[in-house]
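Beneath this line is the structure, given in structure tokens, with notes to follow.
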Number of protein chains: 2
Amino acid sequence: MASGVNGTSGRPRKAAGRSPSVSPLSLNRISFYLRCLKRLDAEGLERISSKELARRFNLSAPQIRKDLAQLGEFGIRGVGYETSALIEHLSTLLGLDRQHRMVIVGMGNLGSALARYLGFNSGPFQVVAGIDKDPDKVGERIGSFVVRPAEELAQVVRCSGAEIGVLTVPADGAQASHDALVDAGIRGVINFSPTRIRPVPGVPLKDVDLRIHLEELAYFLQERQGQHS
Amino acid sequence: MASGVNGTSGRPRKAAGRSPSVSPLSLNRISFYLRCLKRLDAEGLERISSKELARRFNLSAPQIRKDLAQLGEFGIRGVGYETSALIEHLSTLLGLDRQHRMVIVGMGNLGSALARYLGFNSGPFQVVAGIDKDPDKVGERIGSFVVRPAEELAQVVRCSGAEIGVLTVPADGAQASHDALVDAGIRGVINFSPTRIRPVPGVPLKDVDLRIHLEELAYFLQERQGQHS
DNA sequence: AGATGTGAATGAGTTCACAGCT
DNA sequence: AGCTGTGAACTCATTCACATCT
């Protein structure tokens, strides 16, 4: 049930190159730090301390240091971190220095919504194809691609060179669609279906459940409870 | 920095009525259990054990029991849980027994995508209004409503009786839009902006950052690491 | 002096084993 | 017998205080 599996070969000194298995929670924060740093960089700020970063973006300074320190010694003691250098490091760590092609499976409301949203995004993530089993949706043009039928899934994945599968099918078909993507050679899956999928070892899977987030909020609305993150 | 704040007055025996401050993580799972139970109920299954529930949906049986036990004694020892009764209990716990009206602030790609997605959803969550500061977008019809200008935010919130604000503005304007929603009397906010907002005590805030999830996946793609949740 | 990097202490969350009902 | 409810062990994550470097 754990995630681990560390593939580093034990360097003599902690180097900036390969990272030694970062925990998902830490990773999420790092991803967020990166975005903060980009904003600061755009403002022309060249250096920032963990304290100031924490103050500006509502974070915890010791945690920033812990998160960053595990990747190598990026900071300058007595000074802080260099924004541009850190941005560089974190980007390559997360694999954002290259393009990631995505296929969306299930072009219902959520699927086409995400296609439009992600399609216009010109970052490292790019939607290259959409698939649906409903004949009415096949052939429809959404953003920069045309919806293809479910039977062509494997072919579409291979031809488009997609790495990431985006699952937006109903709960019932989610596991089957996931497995089909894996069989077709997809390297990772992000699942928006309202169900939990059994992951295939070696193919990372990330669940994002919008309804759960709404329902969590609904719960806190009733209580006279304070804030939470 | 903690979330807590418990408002219960200490009943003699643990009752099914008011719940004693459930942790967000536990809450997310409960929300998911509810969905699983609904599927089982639709299949006609009247009773289910934690073990079987875990097996079917890839969960942990002891955790299911812990999560449910903290809400009261819903199970029957030696038998399991009654699906319909449990669905009832969890629904009211989460506040899904009534309608929640939502206003979307920021009708860009993500905002209008969500509007369409949530708009067709006929559950307890209902999008009743959309707001944007761009004059070009104002007046546009999206789903069942017409986009209104930013100046009318307070008025729209009050007239529509919206409880939940959905933030889909760029990072720069997020805090200001959030505060405006709070001032207008919104009761909770779900934030899709790629930035962290300083919450106002008493108004629950939930961050959902799609980009972070994608970047987390991108990281795991590079490594030859196994699965994770 | 000032800020990072890090081990120790604290806290939260999960797993486990079993007592207690039915 | 079977399954829930729960205290205790354990793992994981965060916070803190301080040694270390510039």
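First the proteins, then the strands, lettered A, B, ... as listed; each starts at 1. Computed over heavy atoms, backbone and side chain alike; hydrogens, waters and symmetry mates excluded. Computed from a predicted model, the values in this text were never measured in an experiment.
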Can you check whether B:Gly108's main-chain N or O pairs, donor with acceptor, with B:Ser112's side chain at less than 3.5 Å?
yes

Considering only heavy atoms and no angle criterion, is a donor-acceptor pair shorter than 3.5 Å present between the side chain of B:Arg65 and the base of D:dT4?
no

Take atom CD of B:Gln70 and atom C1' of C:dG13, then tell me their distance rounded to the nearest Å.
12 Å

Nearest-Å distance for atom pair CG/P, residues B:Leu86 and D:dT4
11 Å

B:Phe74 CZ to D:dG5 C1', straight-line distance once rounded to whole Å:
13 Å

Toward the 5' end of DNA chain D, which comes first, A:Pro62 or B:Val79, by nearest nucleotide?
B:Val79

Within the distance-only criterion (no hydrogens, no angle test), does the side chain of B:Thr83 pair as donor or acceptor with the backbone N or O of B:Leu45 below 3.5 angstrom?
yes

A:Tyr81 side chain N/O closer than 4.0 Å to the phosphate oxygens (OP1, OP2) of C:dG5?
yes

Are B:Arg47 and B:Tyr81 in a cation-pi contact, defined as NZ or CZ under 6.0 Å from the six-membered ring centre and within 45° of the axis?
no

Rounded to the nearest angstrom, tell me the gap between atom CD1 in A:Ile64 and atom P in C:dG5.
12 Å

Give one of base, sugar-phosphate or nothing for A:Ser26, where a contact means two heavy atoms less than 4.0 Å apart.
nothing

Given C:dT15, is OP1 or OP2 found less than 4.0 Å from the side-chain N or O atoms of B:Ser60?
yes

Indicate whether OP1 or OP2 belonging to C:dA3 is found under 4.0 Å from a side-chain N or O atom of A:Ser50.
no

Describe the nucleic acid contact of A:Leu25 in one word from base, sugar-phosphate, nothing, applying a heavy-atom distance below 4.0 Å.
sugar-phosphate

Could you tell me how far apart A:His89 (NE2) and C:dT4 (P) are, to the nearest whole angstrom?
16 Å

The side chain of A:Arg77 is closest to which nucleotide in this list: D:dC3, D:dG5, D:dC21?
D:dC21

Examine the base of D:dG7 for any acceptor or donor lying under 3.5 Å from a partner atom in the side chain of B:Lys66, and report the outcome as yes or no.
yes

Hey, does the side chain of A:Ser177 reach the backbone of A:Val169 with a donor-acceptor pair shorter than 3.5 angstrom?
no

Phosphate contact (C:dT14 OP1 or OP2) by B:Arg29 side-chain N/O below 4.0 Å:
yes

Starting from P on C:dG5, measure out to CD on A:Gln63 and report it in whole angstrom.
15 Å

Are B:Arg211 and B:Glu215 within salt-bridge range, i.e. N to O under 4.0 Å?
no

For atom CG of B:Leu27 and atom P of C:dT14, their distance in whole Å
13 Å

Rounded to whole Å, the CG-P distance (A:Leu59 to D:dT14) equals 12 Å

